[in-house]
Amino acid sequence: MDLLWRAQAVHREANPGYRVQLASLLSVKTGGCEEDCAYCPQSMHNSSDVTGRPELEVEPVLARARAAKEAGAHRFCMGWAWRDIRDGAPFEAMLAMVRGVRELGMEACCTLGLLNETQAKRLEEAGLHAYNHNLDTSPEHYDRIITTRTYQERLETLQRVRRAGISMCCGGIIGMGESLTDRASLLQVLASMDPHPESVPINALVAVEGTPLEDQPSVDPLELVRMIAVARILMPHSRVRLSAGRETMSREGQVLCLLAGADSIFYGDTLLTTGNPDVQADQELLALAGVNPWRDQVPA
Ligand code: SAM
Ligand code: DTB
Ligand code: SF4
C-alpha cells in the first residue's frame with residue numbers, strides 16, 4: 001500500500017491530468033531471427049519460430065497505421081525480427097514506413113535490433129520519434145536469457161539512438177526466472193541513464209510453447225504492479241508502458257497497474273505474434289477507470 005501511494009503521489013505530480021497513451025504495434029518482419037533470446041517466439045533457435053511469413057510492404061503497413069489511428073491510437077510501433085537490419089531495400093522500405101506514419105500525424109516508433117551510427121541518423125531524418133531497444137533483464141541475469149549478443153552491444157545501440165536525437169524506448173520483461181534483485185538491478189540501469197529513457201516498457205513474459213521459457217509460471221499481476229510502481233518512482237517523467245502480458249490479466253489487475261503509474265498500453269488485438277485484449281475491451285477498461293486516452297496533436 002505504501003509503494004502504491006508513493007508511486008501515485010510521484011505520478012500525479014510529474015504527469016498532471018492523468019492520461020494514457022494508446023500505442024499500436026505491428027510486426028513487419030516476423031520470425032527467422034538469428035538471436036537466441038529465450039523468451040522470443042521469433043528466434044530461429046526456438047521451435048516456436050514462425051516461418052514463411054513474408055515481410056510486409058510499405059502500403060499495407062500504412063493501411064494498418066491508418067486503421068490504428070482511426071481506432072484512436074496515438075503512436076504506431078513497427079517491429080522487425082532482425083539481429084540488425086540490412087542496408088539496402090529493407091532499410092529504405094522501413095524509412096518510407098516511418099515517413100508515412102509521420103504524415104498521418106502519429107508518433108512513429110520502431111524496433112529493428114542493433115543499429116549503426118549512419119542508420120540511427122537516417123532514422124532521425126525520416127522523422128522517427130522513438131527507437132525501442134530493451135535491455136530485457138539485469139546485467140547479471142542476461143547471460144541466462146541471451147547468448148548471441150551482449151548487454152554492452154545493446155547499450156551501444158541505445159547510445160547511438162540518443163546521439164542521433166531519437167527518443168529512447170527501453171525496458172524489460174519480468175517472469176523469466178530472475179530474482180527481485182535482478183528486477184531492481186534492471187531498473188537501476190535504466191534510472192541511471194541521463195536523461196532517463198523517455199519510454200519504459202514493462203512486459204510480463206508471455207510464455208510461448210517452443211521457447212526455453214515455455215514452462216515458466218505466469219507472472220502474478222501484483223508483481224507487475226510493483227515493478228511499474230518502482231519504475232514510476234525512479235523515473236517520474238518517463239512514459240511507463242504496461243506492455244506484454246495484459247491478455248490474461250483481470251481488469252482489476254490492469255487498473256492497479258494504471259494506478260501504480262503506467263501511462264501507456266499497447267492497443268490492438270495483437271502484439272507482435274501473441275494476443276492482446278481487443279480494442280473494445282480496452283475502451284471499456286479506460287472508461288471504467290476514468291482515464292482519458294492521449295489525444296493531443298503529435299509534435300512535428
Ligand atoms: N528484434 C528486435 C529486438 O529484439 O530489439 C525487435 C523485436 S523484439 C520481439 C521486441 C521486444 O519484445 C523484446 O526486446 C522483448 O523485450 C519483447 N518480447 C519478445 N517476446 C516476448 C515475450 N514472449 N514476452 C514478453 N515480452 C517479449
Ligand atoms: C516491448 O517492450 N514490448 C512489445 C514492443 N516492445 C515491441 C513487444 C511484445 C512482444 C510480445 C510477444 C509477441 O507478441 O511476440
Ligand atoms: Fe526476438 Fe528480437 Fe531476440 Fe530476435 S532479437 S529473437 S526478434 S527479441
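Note that the structure is a prediction, hence the values are computed from the model and not measured. Just follow the structure's listing: the first ligand is 1, and inside any ligand the first atom is 1.
Within ligand 1, the atoms closer than 4.0 Å to a non-hydrogen atom of Trp80 are 1 (N), 2 (C), 6 (C), numbered from 1 in the order shown. Each of the atoms 1 (N) of ligand 1 lies under 4.0 Å from some heavy atom of Trp82. Heavy-atom proximity to Leu272, at under 4.0 Å, picks out these atoms of ligand 2: 8 (C), 13 (C), 14 (O), 15 (O). Close contacts between ligand 1 and Ala244 involve ligand atoms 25 (C) [criterion: under 4.0 Å to a heavy atom]. Close contacts between ligand 1 and Gly113 involve ligand atoms 2 (C) [criterion: under 4.0 Å to a heavy atom]. Residue Arg149 has at least one heavy-atom neighbour below 4.0 Å for each of these atoms of ligand 1: 4 (O).
At a 4.0 Å heavy-atom cut-off, ligand 2 touches Thr274 through backbone and side chain alike. Contacts between His45 and ligand 3 below 4.0 angstrom, taking non-hydrogen atoms only, are absent altogether. Heavy atoms of Asn132 found under 4.0 angstrom from ligand 2 belong exclusively to the side chain.
Ligand 2 lies nowhere less than 4.0 angstrom from a heavy atom belonging to Val206. Taking 4.0 Å as the cut-off, Ala204 counts as a neighbour of ligand 1 on heavy-atom distance. Ligand 2 is never approached by Tyr39 to a heavy-atom distance shorter than 4.0 Å. Residue contacts with ligand 3: Tyr39 is included, with a non-hydrogen atom under 4.0 Å away.
Of the polar atoms of Leu205, none of the N or O atoms is found under 3.5 Å from an N or O of ligand 1, judged by distance alone. Taking distance alone, with nitrogen or oxygen atoms compared against 3.5 Å, Gln42 stays at or beyond that limit from ligand 1. Inclusion of Asn134 in the set of residues having an N or O under 3.5 Å from an N or O of ligand 2 is warranted. For ligand 2, the polar-atom distance check against Asn203 finds a nitrogen or oxygen pair separated by under 3.5 Å. Annotation: Asn134 places an N or O atom under 3.5 Å from an N or O atom of ligand 1; distance criterion only. Considering backbone and side-chain N/O of Pro41, none are found under 3.5 Å from N/O of ligand 2.
With hydrogens left out, the protein atom closest to atom 14 (O) of ligand 1 is Asp136 OD1, 3.2 Å, a heavy atom. In terms of protein heavy atoms, atom 20 (N) of ligand 1 is closest to Tyr39 CD1, 3.3 Å. At the shortest separation from atom 3 (C) of ligand 1 among protein heavy atoms lies Arg154 NH2, 3.7 Å. Thr111 OG1, 3.9 Å is the protein heavy atom nearest to atom 7 (C) of ligand 1. Protein heavy atom in closest approach to atom 26 (N) of ligand 1: Ile173 CD1, 3.5 Å. Taking atom 9 (C) of ligand 1 as the reference point, the nearest protein heavy-atom neighbour is Leu272 CD1, 3.4 Å. Among all non-hydrogen protein atoms, the one lying nearest atom 10 (C) of ligand 1 is Asn132 OD1, 4.1 Å.
Using a 4.0 Å cut-off between charged nitrogen and carboxylate oxygen, Asp282 and Arg246 count as a salt-bridge pair. Residues Glu223 and Arg183 are paired through a salt bridge, judged by an N-O separation under 4.0 Å between the basic side chain and the carboxylate. Contact check on Glu153 versus Arg83 returns a salt bridge, with a Lys/Arg side-chain nitrogen under 4.0 Å from an Asp/Glu carboxylate oxygen. Taking 4.0 Å as the cut-off between side-chain N and carboxylate O, Glu198 and Arg162 count as a salt-bridged pair. In this structure, Arg122 does not pair ionically with Glu117, as no charged nitrogen and carboxylate oxygen lie closer than 4.0 Å. Salt-bridge annotation for Arg75 and Glu107: present, with a side-chain N of the basic residue lying under 4.0 Å from a carboxylate O of the acidic one.
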Derivation of the salt bridge (charged side-chain N to carboxylate O under 4.0 Å, His left out) call for Glu125 and Lys121: CA-CA 6 Å; Glu125 286 164 0; Lys121 190 157 173 295; 2.9 Å; yes

message: Does Arg241 form a salt bridge (charged side-chain N to carboxylate O under 4.0 Å, His left out) with Asp263? I'd like the steps, not just the answer.
response: CA-CA 6 Å; Arg241 299 180 190 274; Asp263 58 358; over 6 Å; no

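Take a cut-off of 2.8 Å around atom 3 (Fe) of ligand 3: the protein N, O or S atoms inside it are Cys37 SG.
Checked by atom type and distance alone, the side chain of Arg160 pairs as donor or acceptor with a backbone atom of Leu115 at under 3.5 Å.
Cluster annotation: Val225 is not connected to Met235 through the hydrophobic network of ILVMFWY side chains, with a link wherever side-chain heavy atoms come within less than 4.5 Å.
Residue nearest to atom 23 (N) of ligand 1, selected from Thr137, Val206, Ile174: Val206 (by heavy-atom distance).
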